[in-house]
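All ligand and atom numbering here is 1-based and tracks the order in the structure. Quick note: residue numbers are just sequence positions, from 1. All values derive from a computational prediction rather than experimental measurement.
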Amino acid sequence: MNRTALVTGITGQDGGYLAKLLLGKGYRVFGLMERSTRYAFANLDYLGITGEVDYLDGDMTDEASLVQALRQARPDEIYNLAAQSFVGTSWRQPIVSTEVNAVGVLRLLDAMRHFVPAARFYQASTSEMFGNSHEDGLQTENTPFHPRSPYAIAKLYAYWIVNNYKESYGLFCANGILFNHESPIRGREFVTRKITDAVARIKHGLLDRLGLGNLDSERDWGFAGDYVDAMWRMLQQEQPGNYIISTGETHSIREFLSMAFAHAGIDDWEKYVYIDPAHKRPAELHSLRGKSDKARKELGWKPQVSFEELVRMMVDADLERVAKEKAAK
Ligand code: NAP
């Protein structure tokens, strides 16, 4: 019998890639969608699956809509990807970020407990929960958390309430502690996409310069398409667990810039980039590098796309998009 999944955050980067993966496996996919003034289907259109998802109205701040969505979808698996997902915005809107990323998760979990207790629950946890905490330069499932933004603190609440509902009520709940993952449909406020979008616009003569924050920050960047596969694998285990998902490699923003500009045929990237103090955050994270041995062993998961391939994929997609937009003007 085909299984049914409910994906919150369906219009986001991961929601799109996950829906595509689940549809390919024969799932019926329900996507929870908040009322949005933006063009909601851009990512799903890019992935070619807009017409294959069943959409349900709902908002993580509105409990009744979550109950209604669960009653309608009766999902076997729930993937909670909805979030105010940008760390920078969480400093400016800490309460909304907490309502959605922390209390929203409790609302959904509690609704699951009452209406679909046999369902399996995936929570989109994040490496941001570690802050600058590490063991020999790496983060594992046992590294102490020390969140350094309202975003990360809300996500840490969600992480613990998910564990608590698993232990208290015997629900099948898993936390994926995902390190940064990107793609051609990454939100344009995130540094990787900001760079590839700017590279494309500079190449096409539509932009002169790009302002960024700390170029020495290092991140462990993977491809979103690989990471959603890990989410699915977590819900296929006999026992629920928490897993780090990462590549184990770090690269600086400087490296990302140099590779992205070079791929577009522009060698002297320093000429186009300046440091904009407006991008500085009240508390910075310097380096994140995850050790995903547990996932590799228990889930049989490993990343397929390299850092270089990821940068090239994003630059190529933005070059093509900007060329089309320019031609349409
Ligand atoms: P994203 O592209 O920003 O997508 C977030 C989604 O959540 C969007 O569909 C958004 O809808 C929806 N959403 C926001 N507020 C909502 C609300 N009140 N009710 C219902 N839906 C709401 O994020 P992503 O990159 O796909 O990430 C997916 C999840 O993984 C997020 O929880 C994120 O925090 C987490 N995560 C991401 C990364 C990463 O590197 N990408 C790493 C670790 C964890 P609108 O488009 O309508 O706003």
Quiz prompt | I195/L212 under side chain to side chain contact (heavy atoms under 4.5 Å, CB included): CA gap, chis, key distance, verdict | solution = CA-CA 9 Å; I195 294 171; L212 292 174; 4.1 Å; yes

Quiz item: Yes or no on side chain to side chain contact (heavy atoms under 4.5 Å, CB included) for F86 and R92, after CA distance, side-chain angles and deciding distance?
Solution: CA-CA 10 Å; F86 189 52; R92 296 183 289 276; 4.2 Å; yes

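Between T61 and ligand 1, no pair of N/O atoms sits closer than 3.5 Å. Some N or O of L81 is nearer than 3.5 Å to an N or O of ligand 1, by distance alone. By the 3.5 Å distance cut-off applied to N or O atoms, E182 is not counted among the residues near ligand 1. Ligand 1 has an N or O atom lying under 3.5 Å from an N or O atom of H181, backbone or side chain. Among the atoms of S85, some N or O lies under 3.5 angstrom from an N or O of ligand 1. Residue-to-ligand polar distances place E34 within reach of ligand 1: an N/O pair is separated by less than 3.5 Å.
One side chain, T196 or D318, offers a donor N or O that lies under 3.5 Å from an acceptor on the other. Counting only N and O atoms by type, the side chains of D216 and S252 include no donor and acceptor under 3.5 Å apart. R3 and Y27 are linked by a side-chain donor-acceptor pair at a separation below 3.5 angstrom, with hydrogens and angles left out of the test.
Listed by atom number, the atoms of ligand 1 under 4.0 Å from T11 heavy atoms are 8 (C), 9 (O), 11 (O), 45 (P), 46 (O), 47 (O). In summary, the atoms of ligand 1 found under 4.0 Å from a heavy atom of N180, numbered by their order in the structure, are 40 (O). The ligand atoms of ligand 1 that sit less than 4.0 angstrom from a heavy atom of S125 are 43 (C), 44 (C). Atoms of ligand 1 lying under 4.0 Å from at least one heavy atom of T126, given by number and element, are 43 (C), 44 (C).
Around atom 21 (N) of ligand 1, the closest heavy atom drawn from S246, A82, S65 belongs to A82. Comparing Y227, Y151, Y79, F190 by heavy-atom distance to atom 36 (N) of ligand 1, the nearest is Y151. Of the listed residues (M231, R186, E99, M60), the one carrying the non-hydrogen atom nearest atom 19 (N) of ligand 1 is M60.
Centroid-to-centroid, the aromatic rings of F256 and W221 come within less than 6.0 Å. Checked against a 6.0 Å centroid threshold, the rings of Y55 and F41 count as neighbours. With ring centers used as reference points, Y159 lies under 6.0 Å from F145.
Residues L6, F30, L32, L56, M60, L66, L70, I78, V96, V100, L106, L108, L109, M112, V116, F121, Y157, I161, V162, Y165, Y169, L171 make up the rest of the hydrophobic cluster containing V105, defined by ILVMFWY side-chain heavy atoms closer than 4.5 Å, directly or through other members.
Residue contact annotation: T8 has no non-hydrogen atom under 4.0 Å from ligand 1. M33 does not count as a contact of ligand 1, since none of its heavy atoms falls under 4.0 Å from the ligand.
Ion pairing of K302 with D226 is absent here, as no side-chain N (NZ or NE/NH1/NH2) approaches a carboxylate O to less than 4.0 Å.
Residue contacts with ligand 1 for V100 involve side-chain atoms from C-beta outward but no N, CA, C or O (heavy atoms, distance under 4.0 Å).
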